[in-house]
Amino acid sequence: MTHPTDGALMALVDRAVGLEDGAQLEAHVNGCEQCRGVVTWLAEKNLLVGGLLEELDSPAPARSVASIIRRAGRQRRWRWQLFAAAASLLVVAIGSATMRPDLWRDVIRWVRPSAPPATGRARPAARPTVETPTVVAVESAGQVAIDFAALQSAGEILVTLGSDTRVTVSASGPVPYTVSQGAIALDNAGSHASYRIALPAAAERVTIRVGGRPVFEKRRATIVTNASRDSAGRYRIALDRGEPGP
Amino acid sequence: MPPLTYLPDLPSSEPPPAGEESFDDGFRRLFGDRFSGLYRYLHRLTGDAALADDLAQEAFVRLYQRGAMPGDPTAWLVTVAHNLLRDEHRRTARRGRLLALRREPPASMPSPDADLLLNERAAQVRQALGTLSPRQAQLLLLRHEGHSYNEIAAIVGVAPGSVGTLLVRATAAFAAAFRRTNDASD
């Protein structure tokens, strides 16, 4: 004879089974001494547990629906105030970014360096290339070094001094480069490109090297180079032979 | 022993069919029917009257803010109260509050001796409850608060068919724990 599980008998005691299942269980229990014993035990324990749990009770506080609705309203108002404050902050941020874009550039520069540090492990193929009109720029906060890896069979470097605060390098052809804090290194071996370098007149110190040799140096207001200077005031450095160093 | 006559446990008052009652009316009816029970369940579970009151109110606040009745509002309220209780425990890190031993003054003012006996018995019950797993305690308390097996299954996250078996184990464990506690205090 298959007896119902204790769980099924508990459901019977708790009157938590459907009418049909309940009737079947009831028929079995009425004819089975063993299951009737289990049902009696469960019913007694249920009574005992129910009575014991009542020992923990204290009267429920008197609460009204109105107090719940008022509390919900207070929370909603508080959320709206929080939302309004966040929206106001956003408007101020967008407004200041629109009217003073340099402010945010300063903030971003303060949070993050203007150029990622060179790891030295990057593969040459992954490096970006200087291409006209692409411009490589670094902030001329202190010292800047521009290194051309090698002489070229053709091409030249034109250096100008201006009021811009950044050092910019543009090339007439694709040249791989890496930028680190205060330094630009161009892997120009085998290239025929020419380059324009714009330096801030206020830069403290700028050094341009070709194949490791200095060809141009700016120390505050002093320019040290053997490069020729054209009528527009640009320093012209030939890359096919390399100008003699300063 | 007289033969059993099976009568399924039917709800004392059937809620009106969906669509025939506005949310506000349904909310008011549910609050009247269930606030005391939810408070009592949470008070038994936590042993903290102020916390139980706050959690029960907040669960109803969340339902009101929801603006629509869930499929099983009673199970929904208990589940929200459980989540709020978990958040509360995380926030305050007041360990041992759940099922902790706590003495509270009864509503009426019995004699000092009766007061002592009541508190002693309540402490033994709470101690026995504290020996159960949180799920066993919830199962036991939910059932003795009158929740259906389907509601208990939804709240605790078990199959409805396993609620009976889990309740047998929880009941036996609680009865044994209370007997041990009672014997130790005698």
Within-4.5 Å side-chain heavy-atom neighbours: B/Gln57 and A/Ile68: yes
Mind checking the NE2-CG spacing from B/His43 to A/Leu56? Nearest 0.5 Å is all I need. 7.5 Å
Toward chain A, the part of B/Phe35 with a non-hydrogen atom under 4.5 Å: side chain
Which atoms of A/Leu52 come close to chain B, meaning under 4.5 Å heavy atom to heavy atom: side chain ones, backbone ones, both, or neither? both
Taking all non-hydrogen atoms of both residues into account, name the closest pair between A/Asn46 and B/His144 and its distance. O-CE1, 3.2 Å
When you measure from the side chain of A/Glu55 to the backbone N and O of B/Arg121, does any donor-acceptor pair fall under 3.5 Å? no
Given A/Ile69 and B/Arg28, is the side-chain contact (heavy atoms from CB on, under 4.5 Å) satisfied, shown in steps? CA-CA 10 Å; A/Ile69 294 172; B/Arg28 284 170 197 280; 3.9 Å; yes
So, the part of B/Ala172 with a heavy atom under 4.5 Å from chain A: the answer is both
Please find the pair of heavy atoms, one from B/Phe31 and one from A/Ser64, that lie closest to each other, and give the distance. CE2-C, 3.7 Å
Tell me the closest heavy-atom pair linking B/Val168 and A/Met10, and the distance in Å. CG2-CB, 3.5 Å
Among A/Ala27, A/Ser67, A/Gly50, the residue with the most heavy-atom pairs under 4.5 Å to chain B is A/Gly50
Minimal non-hydrogen separation, B/Arg44 against A/Leu53, with atom names: NE-O, 3.4 Å
Portion of A/Arg74 that has a non-hydrogen atom of chain B nearer than 4.5 angstrom: neither
B/Tyr64 to A/Ala72 - nearest heavy-atom pair and separation: CD2-CB, 3.7 Å
Using salt bridge (Lys or Arg N to Asp or Glu O under 4.0 Å), reason through A/Arg71 and B/Glu58 one step at a time and then give a plain yes or no. CA-CA 8 Å; A/Arg71 184 165 160 167; B/Glu58 187 59 28; 2.8 Å; yes
Chain A contact via B/Ser36 - which portion, at a heavy-atom distance below 4.5 Å: both
If I compare all heavy atoms of A/Ser58 with all of B/Tyr39, which pair ends up nearest, and what's the gap? OG-OH, 3.1 Å
With A/Val49, which of B/Leu140, B/Leu129, B/Leu141, B/Leu167 fulfils side-chain contact (heavy atoms from CB on, under 4.5 Å)? B/Leu140
Taking it one step at a time, do B/Asp53 and A/Arg63 satisfy salt bridge (Lys or Arg N to Asp or Glu O under 4.0 Å)? CA-CA 9 Å; B/Asp53 180 26; A/Arg63 299 287 173 213; 2.4 Å; yes
